[in-house]
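Take a look at the structure below.
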Amino acid sequence: MGSPDVNGPPPKLEGKYAAMVVCWLLGNGCLFSWNSMLTIEDYYADLFPRYHPARVLTLMYQPFALGTIIILSYHEAKMNTRKRNLFGYVLFFITSLLVLVLDLATSGRGGLGTFIGICAISAAFGIADAHVQGGMVGDLSFMSGELIQSFLAGLAASGALTSALRLITKAAFENSHNGLRKGALLFFSISSFFELLCVILYAFAFPKLPIVKYYRSKAASEGSKTVSADLAAGGIQTLPEADEEEQRDLERLGNKQLLLQNIDYALDMFLIYALTLSIFPGFLSEDTGSHSLGTWYALVLIAMYNVNDLIGRYIPLVKFLKLENRRGLMVVILSRFLLVPAFYFTAKYGDQGWMIMLTSFLGLSNGYLTVCVLTSAPKGYKGPEQNALGNLLVVFLLVGIFAGVTLDWLWLIGKGW
């Protein structure tokens with residue numbers, strides 16, 4: 001089959017809505033396993049009371065995610081995107097199964113050995129995330145803005161879905177023997193199934209959608225070498241090599257040039273996630289005091305964050321509500337740091353209603369600003385440059401997360417740990 005016309009628009013954007021649904025599901029799969037681990041923190045806190053699992057597991061996850069994404073982004077122009085994303089989803093599936101195997105093998109007993117095993121699985125989640133999140137954001141950066149928005153919404157939806165499932169399983173098993181463990185096992189059974197679904201969707205369904213084939217062919221015509229395997233999976237032969245004159249026209253900006261031109265967007269991503277992860281989930285899980293909701297309190301806070309993060313990612317679909325001004329984005333992102341004293345004084349003096357409101361705003365602003373930055377930054381670049389820029393922004397996102405989970409330990413000062 002020959003390549004489609006890459007100069008004209010795709011006919012009626014065929015497969016657009018199917019692609020949006022698949023992107024949403026793939027975004028879900030990118031963080032479903034990790035969010036499952038975060039959402040059952042009450043089980044791990046009961047199993048490993050001395051090891052601060054809410055903080056330690058996040059701190060194990062991030063260095064591996066960050067180190068992997070830096071290496072992958074450096075070699076992005078020569079990477080086979082299809083192999084990269086498939087490896088990530090398959091690793092998510094295998095590690096989700098390993099959580100189940102480890103718990104069943106130890107009969108739900110705690111101890112240092114089991115905790116080290118859970119930490120190793122957390123690190124594997126980080127490696128898988130770096131493969132998938134960077135690969136998918138880069139891939140979708142040269143496609144329609146609605147596709148990357150759907151993927152980002154899927155990332156947030158994974159948190160909302162896992163929170164809803166956790167509340168249901170907690171209510172269902174609360175009064176039964178080993179209720180926490182039963183809920184956790186159910187969680188990772190669902191997670192394993194969902195990750196397998198993502199492997200199948202990305203391998204067989206996504207590359208064959210007409211709109212996806214159109215944008216990948218367009219990127220290939222602009223000099224992208226990362227999409228050839230995906231084009232072949234979609235039944236399209238790779239475009240012939242360009243001659244010397246065409247090669248000069250297809251020359252792309254290097255990563256350094258792209259970063260210098262978009263340093264404000266990179267800082268935006270860093271600051272958004274440094275603030276968010278300095279509060280969520282560690283502070284919300286351990287440092288908000290005792291309230292009338294009891295053991296439900298931390299779960300309700302995490303659920304409110306996740307639901308509002310999801311809502312925030314749909315607000316930019318309303319054009320007049322989308323913030324695209326670069327200076328305006330920076331001002332709003334810097335103003336979010338006022339949430340740090342707000343959370344501190346609310347935890348010390350406020351009631352649970354104020355804390356729920358603050359947590360909701362933290363999630364809403366995180367989702368909204370993430371979509372605004374990642375959909376605005378790639379505009380005006382060629383396909384290969386958009387792919388590279390998407391990867392670079394995910395690097396700064398993960399650097400911000402790593403900084404945030406490190407700063408999160410500062411909340412423990414004066415608590416005798």
Side-chain angles (χ1 to χ4, degrees), residues 19 22-23 25-34 61-96 123-143 147-148 150-152 154-155 158 194-209 212-213 215-220 222-234 236 238 252 255 258 374 378 383-399 401:
V22 173
C23 286
L25 290 169
L26 291 173
N28 235 300
C30 183
L31 285 181
F32 198 88
S33 296
W34 173 239
Y61 174 94
Q62 290 308 325
F64 285 91
L66 182 55
T68 305
I69 190 68
I70 288 171
I71 294 167
L72 292 174
S73 295
Y74 183 77
H75 297 288
E76 168 275 328
K78 300 172 185 174
M79 292 287 297
N80 181 324
T81 303
R82 181 173 175 79
K83 286 183 180 177
R84 172 181 175 172
N85 289 335
L86 278 175
F87 175 82
Y89 282 118
V90 169
L91 186 58
F92 271 131
F93 170 62
I94 292 169
T95 43
S96 297
F125 282 153
I127 293 169
D129 179 31
H131 277 80
V132 171
Q133 192 167 174
M136 287 299 298
V137 169
D139 209 18
L140 296 173
S141 290
F142 57 73
M143 299 188 194
L147 298 188
I148 193 168
S150 293
F151 179 80
L152 295 172
L155 291 176
S158 68
F194 193 79
E195 296 299 349
L196 180 60
L197 174 65
C198 287
V199 172
I200 294 166
L201 282 174
Y202 186 82
F204 303 110
F206 190 60
K208 294 181 180 176
L209 294 167
V212 173
K213 291 195 281 188
Y215 280 114
R216 282 177 170 163
S217 297
K218 185 172 182 291
E222 293 172 343
S224 176
K225 295 185 173 78
T226 63
V227 295
S228 56
D230 284 305
L231 285 173
I236 296 176
T238 309
R252 49 154 280 192
N255 285 356
L258 283 169
L374 287 176
E385 293 166 343
Q386 292 171 321
N387 192 341
L389 182 56
N391 275 271
L392 289 172
L393 292 178
V394 173
V395 169
F396 278 83
L397 183 156
L398 290 174
V399 171
I401 291 176

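- Listed by chain and number, the residues in a ring-ring contact (aromatic ring centres under 6.0 Å, His included) with Phe64 amount to none (sequence neighbours excluded).
- Taken from CG in Leu397 to CG in Leu66, the straight-line distance is 10.5 Å, to the nearest 0.5 Å.
- In this structure, CG on Leu26 lies 11.0 Å from OG on Ser150, to the nearest 0.5 angstrom.
- Within the 4.5 Å cutoff, side-chain heavy atoms of Leu201 are placed close to those of Leu25.
- A side chain to side chain donor-acceptor pair (under 3.5 Å) check over residues 81-96, counting only residues at least two apart or in different chains, returns the pairs Ser33-Ser96, Arg84-Asn391, Asn85-Tyr202, Ser96-Ser191.
- Atom CZ of Phe92 and atom CD of Glu195 lie 6.0 Å apart (nearest 0.5 Å).
- Applying the side chain to side chain contact (heavy atoms under 4.5 Å, CB included) rule to Val395 yields the partners Ile69, Ile70, Ser73, Val399; only residues at least two apart in sequence or on another chain are considered.
- In terms of the ring-ring contact (aromatic ring centres under 6.0 Å, His included) criterion, residue partners of Phe32 (sequence neighbours excluded) are, by chain and number, Phe194.
- Nearest heavy atom pair, residue Gly223 against residue Pro384, reads C-CG, 3.8 Å.
- Between Ala130 and Ala65 the shortest heavy-atom distance is CB-O, 3.3 Å.
- Taking 4.5 Å as the limit, some side-chain heavy atom of Val227 sits within range of a side-chain heavy atom of Ser224.
- Side-chain polar atoms of Asn387 and Thr226 form a donor-acceptor pair below 3.5 angstrom.
- Among pairs with a residue in residues 123-141, those fulfilling salt bridge (charged side-chain N to carboxylate O under 4.0 Å, His left out) read Asp139-Arg216, at least two apart in sequence or across chains.
- With sequence neighbours excluded, the residues forming a ring-ring contact (aromatic ring centres under 6.0 Å, His included) with Phe87 are His131, listed by chain and number.
- Once rounded to the nearest 0.5 Å, the distance linking NZ of Lys218 with CE of Met143 reads 11.5 Å.
- The nearest pair of heavy atoms linking Ala19 to Val212 is CB-CG2, 4.3 Å.
- Contact check for Cys23 versus Leu140: side-chain heavy atoms found under the 4.5 Å cut-off.
- Here the side chain of Gln386 pairs a donor or acceptor atom with the backbone of Pro378 at under 3.5 angstrom.
- Remark: Tyr61 pairs with Trp34 by the ring-ring contact (aromatic ring centres under 6.0 Å, His included) rule, at least two apart or across chains.
- Take Ile94 and apply the side chain to side chain contact (heavy atoms under 4.5 Å, CB included) test, not counting sequence neighbours, and it matches Val90, Leu98.
- Scored by the side chain to side chain contact (heavy atoms under 4.5 Å, CB included) test, Ala388 finds Glu76, Arg252, Asn255, Leu258 as partners (sequence neighbours excluded).
- Partners of Ser141 according to the side-chain hydrogen bond (donor to acceptor under 3.5 Å, both in side chains) rule, which considers only residues two or more places apart in sequence or in another chain, do not exist here.
- With sequence neighbours left out, Leu155 forms a side chain to side chain contact (heavy atoms under 4.5 Å, CB included) with Cys30, Leu31, Gln133, Phe151, Leu152, Arg313.
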